[in-house]
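See structure below.
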Amino acid sequence: MDEDRKTPEQRAQMTDIERLRHSTAHVLATAILKIWPEAQFAAGPPVDNGFYYDVDLPHRISPDDFEKIEAEMKKEIKANHPFERVEVSRDEALALGTKGRLAALSDRNEPSKFKLDIIENIPPGETISLYRNGDFIDLCAGPHVMRTGNIGAFKLTSLASAYYKGDEKNPQLQRVYGTAFKTRKELDDYFAMLEEAKKRDHRKLGRELELFVFDDDVGPGLPMFLPRGAVIAEELEKLAKETEFAAGYQRVRTPHIARESLYRKSGHVPYYVESMFPPMELLEEGDRKKLENLAIAKAKHLKSFDEASERVWVRFFDELKKPETSREDLFDELGLINAAEDADRAQIARIDELSRSLGDRYYLKAMNCPHHHKLFAALPRSYRDLPLRLAEYGTDYRYEKSGELFGLMRVRSLQMNDAHLYMTPEQFEAEFNAVNQMYLNYFKLFGIDKYLMRFSTHDPAKLGQKFVDEPELWKKTEDMTRNVLKNSGINFVEVPNEAAFYGPKIDVQAWSVIGREFSIATNQVDFAQPRSFDLRYKDRDNTEKTPICIHRAPLGTHERFIGFLIEHYAGNFPLWLSPEQVRILTIGDEPELLDYARAILNELRGHQVRAEIDISTDKINGKIQRAEQMKVHTMFVIGKRDLEAKVISVRVHGRGNLGATPRDEVISTLLEQIKTRAA
RNA sequence: GCCGACGUAGCUCAGCUGGUAGAGCAACGGUUUCGUAAACCGUAGGUCACGGGUUCGAAUCCCGUCGUCGGCUCCA
C-alpha cells in the first residue's frame, strides 16, 4: 500500500472540479454528523463523476434519507463557512482523534477510529493537516475551495457498501455517492447526459431492436441472439474471415469441451480454474462411492490433524512460558510443527490424487488455446511452416462471478474472434506488429478513434500463484514486447500485475460514445503453454525448437463487440451491418403495385440483401414510423408514381426522404455500399 | 461472492397507509387506400419473478430463493 501512496504534492494537483467535489464530501460528512453525531468517517475523495464518503453508522442510510441530508448540506453551504487549513503535529492529530474530534463536530466519547488508523499510515516527516468548515474538523490533505458557499450545485446519487481500504477483511462501510458542479446548469446538463446515455444503453436497444435476449431458464450471463442480432454476429464473422484469410490465417474447428488432462497441461488448472465452470464428472457407480469415502477421509484427516496440531502448539506455548527453555529447543519445537504440517499436506495431496484418478472429468473450454496447441502438435512442423496461424470463432464458457455479469459486456458464454500464431523468435516482431495493424484497420472501419493500448506485465511476487513460475521468460518476453511497442510508435501504458498467467499481453481499451469503457481487443504473448505442451518445430540447423505463440482477438468476443457497436452507433448501424438493410413500403395495394414491389424484393434478396416488405393496411406514415423505430437502414417507398416511372423513392434512416431515382441505379448503389462496407 | 435497490401483460408503466389488477403501444379480427415519423373500431392477453409466513383477506407486510441493476481500484 505504502509504495502507492500519493505524495502531498500529487494530492495538491486536484483539478478545480475535483477540489469542489472533495469539499462537497466534507459538507456531506458535516450534514450526516448533524443528523447522526456518532457517525465514523473513513475516506471521502473525489471520483470520476462526483465524490463519495465512506461512513460507519448503525443507522442504515437509505435513499429516503437523501432529502434530509441534502437539506442539512444546503444549510452548511448557505452558512458559507470558510475552509480553514491547520497544520498540526502527529501528537496533536492523535490527541484529537482519540477525543473523537476528527471528522466530527465536537469531542465525542468514541475515538475517530478510522482517522487514527489513517494517521498511523502517514509516513514520518509528512505534513499532517486538518481542514475545518464551521464546527466540522477533518483530517485532510486538501485542497479545498475557499468557502462552502462556492459549492454551486450538488446532489446525492447513490449508496453502496465498501470495505474499509477495499479489503474484505476490514469492516464494511456505507458509501454515499454524490456529484457536484459549479453551477446548477452544469448539474442539470450532467443528469440530462445520463438520460441520453440510457437511451443508447445496449441492453435497452438490444430489447427494442430485437437483437438478443436473456432467459432465466437458460441462465444468467447466457445471451441468446435473435435473428436480427445474429445477423450482426455473422457479418462480423465474414469480416474476420476475409481479413484473416488475406493475412495468411487458416481456419480450424474444435470441440467445446475437453478432458481435465488438457487443462492441466495448459495450466488452466490450477491457474484459471476459478473462472471455469465446474467439471462434468463421468463416474462408474462404484467410483462414486469411493469418491465419497475419499472426501470423508480428507475431512477426517483434516480434523484429526487440527486437533493434533493444536496439542503441539499448546506444548510450544507452554515451553515459551518457561524462561529456562533454550532458544534451540524452542526452534526445534517449531521445526516439529512444520514437519508435521508438511507430512499432513503430503497425505492430503495423495488423497486428492486418488480422487482425481477416479473416472473422467471434462471441462467446458474457457479458452481455445489448448485445443489449438494440440492442432499444432498434430503434425510434424518445420520452420518452413512458420508462422502458422490457426483461427477459429471459438465458443467459450467462463464462470464469471454473479456480481460481475453485465448485459452483453460480461457474460458466461462467448464467441471469440480467436487465433493462435506460432512463430520463431525472429518472426515475432513482424507478427506482433501485423496483429496490431489489424486492430487499427478495424478501428478505422468502425470509426473508433478513442482507444488506449494497455500493456500488462506480471508481478514477480505472484510467480507460481497468478503467473507461471518462469522469471527468465517473463523478463525476456516482456522486454521483447515492450521493444516492439516502442519501435512501432503506438501509444501505450504499462500496467503491472495484469498479465495473462502464460505471458504479457496487450489489451485495447475503447470507450463507447456514452463513456462506457470496454476491453475490446487483445494481443497476448505466450511462452509458457508451448513449453508445457512440448510444441516443437524442426529448425534449419536440424534441431528441435519451441515456437513462441501469440493469442489474439482483434474483434474480442461477439458478445462484447456487438454490445459495444450497439452503443457506438446508438443502434443506427451502417448499411452492411444493419439487421434489416431495406424495407419496401407500399402506398396502396393495387396488384400491379404489389407486383412491382415484390419484384424489387426478390431482386434484392437475390443479391443477398436483407430486405423485407410491408404491405400492411397502415397508411404510409404509419409504415414509415414503424420502420424508423426499428432503425431500418433504407426504406424504399413505392407508390403509383414510382411504378409508372420505374423509379424507387428512397428514404434513409436518420436522413429522411432522398427522392426518387431509377430502380437500377438505386439498387446498384446500394449493392456497392454494402460491398465496400461504407460507413 | 459481498452490500443496497428493484422484479405487475411481449414492451413502457399506473395500482395511496392490505379489500380480490389497469392504461398506452405491440398482437389478433374488421373497416380505411393513405406520398415520407402513428387512420378508426373491436377482441384477446396477467399464478402481480418463485416458494413459504402473518391476516377474515396479500401485487401491497415479513422471511427465503432466483434474476436484473448500481457499487465493491481510485487511500486524510
Side-chain angles (χ1 to χ4, degrees), chain A residues 1-2 4-6 8 11 18 22 25-26 41-48 51-54 60-64 93 97 102-103 112 114-122 126-131 137-142 157-168 172-177 201 203-204 207-208 210 213-221 274 399-407 497-498 585-590 593 616-629 635-642 649-660:
Chain A
M1 243 320 136
D2 278 0
D4 295 325
R5 203 185 153 75
K6 281 186 189 166
R11 285 167 198 279
E18 282 171 339
H22 184 199
H26 278 226
F41 289 89
V47 289
D48 277 356
F51 62 87
Y52 67 77
Y53 218 128
D54 283 343
R60 186 154 286 289
I61 298 173
S62 91
D64 298 336
L102 293 177
S112 307
F114 301 112
K115 300 292 173 180
L116 285 174
D117 182 63
I118 291 163
I119 296 170
E120 295 297 328
N121 286 316
I122 297 178
E126 197 175 298
T127 312
I128 297 181
S129 59
L130 309 179
Y131 272 83
I137 296 178
D138 199 357
L139 176 72
C140 178
T157 51
S158 63
L159 288 164
S161 81
Y163 296 106
Y164 180 51
K165 292 181 172 172
D167 186 337
E168 57 189 294
Q172 221 164 29
L173 306 174
Q174 304 188 58
R175 177 169 291 183
V176 184
Y177 278 93
D201 190 306
R203 293 165 296 184
K204 182 176 158 66
R207 197 169 37 238
E208 288 172 356
E210 297 171 12
V213 292
F214 288 90
D215 185 286
D216 282 4
D217 284 326
V218 175
E274 293 282 294
Y399 193 72
E400 300 286 354
K401 289 191 283 182
S402 62
E404 301 280 356
L405 298 177
F406 175 73
N497 193 27
E498 287 193 12
L585 313 175
T586 52
I587 307 174
D589 56 3
E590 293 79 9
L593 186 69
S616 66
T617 60
D618 288 278
K619 301 209 160 148
I620 190 61
N621 277 334
K623 294 184 185 186
I624 288 171
Q625 166 94 12
R626 285 199 313 202
E628 290 281 359
Q629 276 171 348
M635 286 149 274
F636 285 180
V637 180
I638 311 251
K640 224 177 287 176
R641 297 205 304 253
D642 307 285
S649 292
V650 177
R651 180 187 170 95
V652 172
H653 175 63
R655 290 173 59 197
N657 186 2
L658 304 185

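Lettering of chains follows the sequences in order, A, B, ..., and the numbering in each one begins at 1.
- As rounded to the nearest Å, B/G4 and B/C63 have P atoms that lie 11 Å from one another.
- The separation between A/D138 atom CG and B/C75 atom C1' is 13 Å, rounded to whole Å.
- If you take OH of A/Y52 and P of B/G4, they are 19 Å apart, rounded to a whole angstrom.
- Annotation: side chain of A/V650 is in contact with side chain of A/F636 (closest heavy-atom distance under 4.5 Å).
- Between the side chain of A/D642 and the base of B/G35, a donor-acceptor pair under 3.5 Å is found.
- Contacts of A/F114 with the nucleic acid, taken as non-hydrogen atoms under 4.0 Å apart, are absent.
- A/F214 places none of its side-chain heavy atoms less than 4.5 Å from the side chain of A/L405.
- Between the C1' atoms of B/C11 and B/A26, the separation comes to 7 Å (whole Å).
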Atom pairs under 3.5 Å, N or O on each side, protein against nucleotides 9-13 of chain B: can you list them with distances?
residue, atom, partner, partner atom, Å
B/U12, OP1, A/R207, NE, 3.4
B/U12, OP1, A/R207, NH2, 2.9

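- Counting only Watson-Crick and G-U wobble pairs whose two distances sit under 3.5 Å, RNA chain B takes part in these stems of three or more pairs: B:1-7 with B:66-72, B:10-13 with B:22-25, B:27-31 with B:39-43, B:49-53 with B:61-65.
- Residue A/Y177 has a polar side-chain atom (N or O) positioned under 4.0 Å from OP1 or OP2 of B/C72.
- Following rounding to the nearest Å, A/I118 (CD1) and B/C74 (P) show an atom-to-atom distance of 12 Å.
- Here A/R175 lies in heavy-atom contact (under 4.0 Å) with sugar-phosphate atoms only.
- Spacing between B/U8 and B/C50 at atom C1', rounded to whole Å, works out to 14 Å.
- Whole-Å rounding puts the A/E498 CD to B/C74 P distance at 14 Å.
- When every heavy atom of A/H22 is checked against every heavy atom of A/G44, the shortest pair comes out as CD2-O, 3.4 Å.
- Annotation for A/M635 and A/E628: closest pair CE-OE2, 3.3 Å, computed over non-hydrogen atoms.
- Look at the C1' atom in both B/C25 and B/A9: the space between them is 12 Å, to the nearest Å.
- Under 4.0 angstrom from either OP1 or OP2 of B/C69 there lies at least one side-chain N or O belonging to A/R203.
- Side-chain contact between A/I119 and A/L102 is present, with heavy atoms from C-beta onward closer than 4.5 Å.
- Residue A/L585 holds its CG atom at 10.0 Å from CG of A/D618, rounded to the nearest 0.5 Å.
- A residue-by-residue look at A/K401 and A/G407 shows that A/K401 has its nearest nucleotide of RNA chain B further toward the 5' end.
- Interatomic distance, OH of A/Y399 versus CD of A/E274, reported as 11.0 Å (0.5 Å rounding).
- Note on A/D216: only backbone sugar-phosphate atoms sit closer than 4.0 angstrom, heavy atoms only; bases stay farther off.
- Contact annotation: the side chain of A/F41 approaches that of A/K115 to within less than 4.5 Å [non-hydrogen atoms, C-beta and beyond].
- Look at CD on A/E404: it is 17 Å from C1' on B/G67, rounded to the nearest Å.
- If you take OG on A/S112 and CG on A/D117, they are separated by 12.0 Å, rounding to the nearest 0.5 Å.
- By the neighbour-count criterion of 12 heavy atoms within 6.0 Å, atom CZ of A/F406 is densely surrounded, having more than that number from other residues, nucleotides or ligands.
- Across B/U17 and B/G7, the matching P atoms stand 14 Å from one another, rounded to whole Å.
- For A/E590, the salt bridge (Lys or Arg N to Asp or Glu O under 4.0 Å) test picks out no residue, with sequence neighbours left out.
- Annotation: side chain to side chain donor-acceptor pair (under 3.5 Å) contacts of A/T586 (sequence neighbours excluded): A/K623.
- Across B/A59 and B/G51, the matching C1' atoms stand 16 Å from one another, rounded to whole Å.
- Atoms NZ (A/K115) and P (B/C75) sit 12 Å apart, rounded to a whole Å.
- For the C1' atom pair drawn from B/U73 and B/G10, the interatomic distance equals 40 Å after rounding to whole Å.
- Rounded to whole angstrom, the span from the CZ atom of A/R655 across to the C1' atom of B/U36 amounts to 15 Å.
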Using a cut-off of under 3.5 Å, enumerate the N/O to N/O pairs linking the protein to nucleotides 37-43 of chain B.
residue, atom, partner, partner atom, Å
B/A37, O3', A/Q625, OE1, 3.2
B/A37, N7, A/R651, NH2, 3.1
B/A37, N6, A/E628, OE1, 3.1
B/A37, N3, A/Q625, OE1, 3.4
B/A38, N7, A/Q625, NE2, 3.0
B/A38, N6, A/Q629, NE2, 3.0

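- Under the salt bridge (Lys or Arg N to Asp or Glu O under 4.0 Å) criterion, A/D642 pairs with no residue, sequence neighbours left out.
- Look at CG on A/D54: it is 16 Å from P on B/C3, rounded to the nearest Å.
- For the atom pair A/I620 CD1 and A/S649 OG, the distance stands at 9.5 Å (nearest 0.5 Å).
- For the C1' atoms, the distance linking B/C6 with B/U12 amounts to 16 Å, nearest Å.
- Judged by closest nucleotide on RNA chain B, A/E590 is the one of A/G656 and A/E590 placed further toward the 5' end.
- Contacts of A/L405 with the nucleic acid, taken as non-hydrogen atoms under 4.0 Å apart, involve only primed sugar atoms and P, OP1 or OP2.
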